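Reading through the structure tokens given below for one structure.
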Amino acid sequence: MGFGDLKSASGLRVLNDFLADRSYIEGYVPSQADIAVFEAIASPPPADLFHALRWYNHIKSYEKQKASLPGVKKALGKYGPADVEDTTGAATDSKDDDDIDLFGSDDEEESEEAKKLREERLAQYESKKSKKPAVVAKSSILLDVKPWDDETDMAKLEECVRSIQADGLVWGSSKLVPVGYGIKKLQIQCVVEDDKVGTDMLEERITAFEDYVQSMDVAAFNKI
Amino acid sequence: GAAELELLERLLGLPAGNKYGVQGERKVPVLQTNNGPGLTGLMTIAAHLVRQAKKDQLLGSTAEEKAVVQQWLEYRVTRVNGGSSKEDTRLILKDLNMHLEDKVYLAGNIFTLADILMYYGLHHIMVDLTVQEKEKYLNVSRWFNHIQHYPGVRQHLSNVIFIKNRLYTNAH
């Protein structure tokens, strides 16, 4: 059982195949099973995995009611196609960074001790997880802000840009890049939460500083 | 036609007792009312029953949802009826399969009258599909399987089987 690593493309593909002929992870109504899997996925599945994306958007619409959905959240290894090997299983392989064994393997016979150990670790994982903040989709954007001419006070321009505050916006490092004729543009990095801040809003607010800013462009945009 | 409306009544929890008749060659259902000529038309009577049962959300909540529900009700009444030819059936399944690719229900994320009437309308088609056809119209199969499990919908209609392990296709 399990989908493999849901943060990887291969895990998402398993999920996608699983959902081709199902509306929900378990049964015919949304349940904690869907929430468990939904929360394990970092960001919306790509458009080519359209079954997973359909399911994702549908479960997202239940965001507000998720606590009241039926069922009990189980470990991710308990959901999914029965014939997929639970690659996140206990076993003796060392995992990457997680030293917590997330998914006990169902297949092998468990001795009492192994079962107790697994349960202990599950409890540890749950408490560790509940302390971690939810994963939020973020992007790293590099902006080019151009002044009117070479006499524009670039220090003041930078100050204006950095003065823009918003929930989900964090300014990063910046530098001045010469573009010719003595004019320098301000290249500044920022990290935004996709749900809260968009480039349109940034452009609006930056170009509002009409005295200093002639225009703003997005030089680079990367999902993180 | 009339049989569907009786199923719908039960699904909605309405007391039985409405009298249905049929009109004309195309067997359009008619609801006899106490006064006046009665209500004619599947869509019309169905919407009336939904409102009688005070389950208006089944007709959609936002303006857009209501429009989509109407769209599929209209589709159901004009395209899906007992006398569809093989070619018509193929087109219907193709249309629905495309529409349902990114939606759980016909109207998107909510269960509506469109799903109910489309289910009743398609039942006789789905019952006769081969395994290969059910796989071909994968999204319709998924949706149909989901709706037939929705509490109160299927009633005495036969359960259409959908095999979980896909035999014919590996990737899409």
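These figures come from a predicted structure and were not determined experimentally. Letters A, B, ... are given to chains in the order of the sequence lines, protein chains preceding strands, and every chain is numbered from 1.
The minimum heavy-atom distance between B:Arg142 and A:Arg22, with the atom names listed, is CD-O, 3.2 Å.
Side-chain contact check for A:Leu53 versus B:Asp102: every heavy-atom pair is 4.5 Å or farther apart. Side-chain contact between B:Asn139 and A:His51 is present, with heavy atoms from C-beta onward closer than 4.5 Å.
Within a 6.0 Å sphere centred on CD of B:Gln32, heavy atoms belonging to other residues, nucleotides or ligands number more than 12. Residue A:Glu63 qualifies as enclosed at atom CD: its count of foreign heavy atoms under 6.0 Å is above 12. Remark: B:Glu64 CD is loosely packed, at most 12 non-hydrogen atoms of other residues, nucleotides or ligands lying under 6.0 Å away. Within 6.0 Å of NZ in B:Lys54 there are 12 or fewer heavy atoms belonging to other residues, nucleotides or ligands.
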Problem - Derivation of the side-chain contact (heavy atoms from CB on, under 4.5 Å) call for A:Tyr24 and B:His146 - result: CA-CA 9 Å; A:Tyr24 303 105; B:His146 180 145; 2.9 Å; yes
Problem - Working for side-chain contact (heavy atoms from CB on, under 4.5 Å), residues A:Tyr62 and B:Asn109 - result: CA-CA 9 Å; A:Tyr62 287 95; B:Asn109 283 327; 5.7 Å; no
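Ring-plane geometry between B:His149 and A:Tyr28 is classed as parallel, the angle between the planes falling under 30 degrees on a 0 to 90 degree scale with a further cut at 60.
Neither the backbone nor the side chain of B:Phe162 comes within less than 4.5 Å of any heavy atom of chain A.
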